[in-house]
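In what follows, a single structure is set out as structure tokens and then discussed.
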Number of protein chains: 2
Amino acid sequence: MPGSKVVRSVDRALEIVELLARSERPQTLAELSHTLDIPKSTLHALLWTLTGRGWIESDEASGRFRIGLHALLVGRSYVESDSLIAMSGAVLDQLAAETGETVHIGRLDGTSIVYLDKRESVHPLRLFSAIGRHLPAFTTALGKSILAELPEDQLEAQLPQPLTRLTPHTITDLGALRADLALTRERGYAVDNEENSEGIKGFAVALRTSEPPHDALSCAIPVARIHDDTEETVVARLREAADRIRGRVSSRAF
Amino acid sequence: MPGSKVVRSVDRALEIVELLARSERPQTLAELSHTLDIPKSTLHALLWTLTGRGWIESDEASGRFRIGLHALLVGRSYVESDSLIAMSGAVLDQLAAETGETVHIGRLDGTSIVYLDKRESVHPLRLFSAIGRHLPAFTTALGKSILAELPEDQLEAQLPQPLTRLTPHTITDLGALRADLALTRERGYAVDNEENSEGIKGFAVALRTSEPPHDALSCAIPVARIHDDTEETVVARLREAADRIRGRVSSRAF
DNA sequence: CGAGAACGTTCCCAAATACGAACAAAGTTC
DNA sequence: GAACTTTGTTCGTATTTGGGAACGTTCTCG
């Protein structure tokens with residue numbers, strides 16, 4: 001691992017693309033300049049370069065920038081090149097059919113969980129989620145199932161400071177979180193009690209395809225559809241699915 | 001539109017990401033240096049910057065680079081922010097169910113067609129395709145359906161020089177291609193007679209959501225499953241689907 | 001197991017980029 | 001509709017980046 005010599009223009013260009021990818025609405029040059037704290041003149045050249053390659057598109061009329069067509073190719077290829085995600089597609093299909101609820105496969109990235117793939121619930125009430133989106137790991141079942149397996153010294157690095165509240169149920173006390181993770185490790189699965197989104201409970205099991213694990217499988221269910229035996233049933237299905245994925249995947253191919 | 005002042009390091013960084021996205025296998029620094037004609041020392045800084053942001057990942061052991069997790073977010077957002085693609089999802093589902101074959105929605109990008117979304121055939125024999133991938137427009141039904149609607153002076157710019165052969169059926173003569181496009185315009189749909197992939201025929205109609213159009217809808221079918229009435233039936237379904245999409249979409253929202 | 005090739009990394013100067021300020025064009029307010 | 005605000009664009013120079021060559025390390029092959 002070499003010294004930390006970052007090329008500023010590249011770093012900023014990526015920042016621009018990421019911001020536009022997150023933004024609901026296309027952004028003007030001035031908005032970007034303000035948000036990213038980059039001088040307008042500098043932004044100008046960067047935006048022009050990104051536009052030239054089709055990574056961002058500018059609307060001639062409004063002068064606003066949005067993500068471009070070439071970004072599409074790049075995103076797909078991550079999914080397609082990763083053997084774990086490729087292998088788990090069929091398992092997700094089956095899991096979604098069995099549970100009838102929204103299922104996700106997610107990966108730990110720093111303090112965040114990134115959704116790698118999903119299958120939507122057949123029911124009208126849906127959880128909002130998007131592939132590629134980052135959520136605080138400690139507020140999700142996916143994240144907690146992975147965090148629970150980390151060695152004590154690594155855990156610290158994967159937790160944000162402070163534990164920011166997302167709902168009234170979010171665990172914001174470090175001690176309480178540690179206790180929850182210990183419980184998770186003991187029973188072998190994680191539970192999200194409306195800690196990330198009000199009205200949504202989640203269950204997740206870590207995929208032990210690496211040590212420590214960085215991927216997990218989850219099922220998210222609106223509280224209205226949770227019954228006495230839901231947890232038991234769903235967790236059993238999740239465990240079966242995780243076992244099937246582990247069977248299919250050797251290890252991450254480089 | 002400002003003058004063409006491209007920031008070289010950014011341009012190169014994007015080139016690296018695009019190459020890694022296209023590559024089947026992870027690449028070493030030396031391979032990238034050779035392919036992209038960038039000095040190793042320069043690449044070093046660029047790769048480090050890209051790695052720092054999670055756009056590419058390096059395997060510590062082999063020293064090879066592959067596309068990274070952060071690229072995922074970016075690709076999804078293009079699809080989600082484009083109202084045409086969002087609106088056409090349900091129509092693609094229906095079209096795939098009706099035809100039982102692989103259906104695509106594609107967009108013209110320079111001389112290429114980019115697959116925006118797809119539904120796979122239920123049959124075992126499948127066409128290889130990937131969302132985000134570029135194919136020469138003039139060799140595909142999708143591309144030809146759009147090219148046929150372009151004004152004469154614009155057409156020239158959307159054709160590569162020369163018309164490179166992909167299969168024995170590829171139309172490599174400009175005159176022949178113009179004649180085919182004239183026929184396409186007349187009958188209102190395009191036919192790909194194994195011009196892109198041997199053994200696969202395609203039918204496509206342009207989506208007249210803009211003038212000239214840049215999007216199209218297609219159905220790709222292995223020749224073995226083509227019968228006397230296949231063309232007629234499939235084209236009728238495509239036209240209905242195109243009408244439904246046009247009905248749903250106002251125009252591209254900026 | 002030893003020689004040779006290939007690879008990743010570091011260094012420093014030539015070449016590029018970044019940015020403040022100034023300008024022009026468009027949009028807003030009264 | 002005039003003055004004001006805001007936005008996008010251009011320019012020249014201080015600052016950062018790029019690249020040839022050289023270094024140490026790891027593979028490769030006989």
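Just so we're on the same page: letters track the sequence lines, and every chain starts at 1. As a basis for the values below, the full set of heavy atoms in this structure was taken, side chains included, without hydrogen atoms, waters or symmetry mates.
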For the pair B/Ser9 and A/Ser9, evaluate side chain to side chain donor-acceptor pair (under 3.5 Å) and give the outcome as yes or no after the intermediate values.
CA-CA 7 Å; B/Ser9 56; A/Ser9 58; 2.6 Å; yes
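Looking at A/Glu120, its side chain never comes within 3.5 Å of a backbone N or O of A/Thr102 through a donor-acceptor pair.
Straight-line distance from the CZ atom of A/Arg64 to the C1' atom of C/dG27: 13 Å, rounded to whole Å. We find that CG of A/Leu47 is positioned 12 Å from P of C/dA18, with the value rounded to whole Å. Per the geometry, CG belonging to B/Asp59 stands 12 Å off P belonging to C/dG8, to the nearest Å. Atom-to-atom, CG of A/Leu29 to P of D/dG8 comes out at 5 Å; the value is rounded to the nearest Å.
B/Glu156 and B/Arg178 are joined by a salt bridge, as a carboxylate oxygen and a charged side-chain nitrogen come within less than 4.0 angstrom of each other. Between B/Asp243 and B/Arg246 a salt bridge is recorded (basic side-chain N to carboxylate O distance below 4.0 Å).
Here the side chains of B/Asp109 and B/His134 are in contact, with some heavy-atom distance below 4.5 Å. Put simply, the side chain of B/Leu135 does not reach to within 4.5 Å of the side chain of B/Leu166, judged on heavy atoms.
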Could you pull out the protein-nucleic contacts involving nucleotides 15-20 of chain D (nitrogen or oxygen on both sides, under 3.5 Å)?
unit_1, atom_1, unit_2, atom_2, d
D/dT17, OP1, A/Arg8, N, 3.0
D/dG19, OP1, B/Arg8, NH2, 3.4
D/dG19, OP1, B/Arg12, NH1, 3.1
D/dG19, OP1, B/Arg12, NH2, 3.0
D/dG19, OP2, B/Arg12, NH1, 2.5
D/dG19, OP2, B/Thr42, OG1, 2.6
D/dG19, N7, B/Ser41, OG, 3.1
D/dG20, O6, B/Ser41, OG, 3.0

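Distances shown here put every side-chain N or O of B/His44 at or beyond 4.0 Å from the OP1 or OP2 atom of C/dG8.
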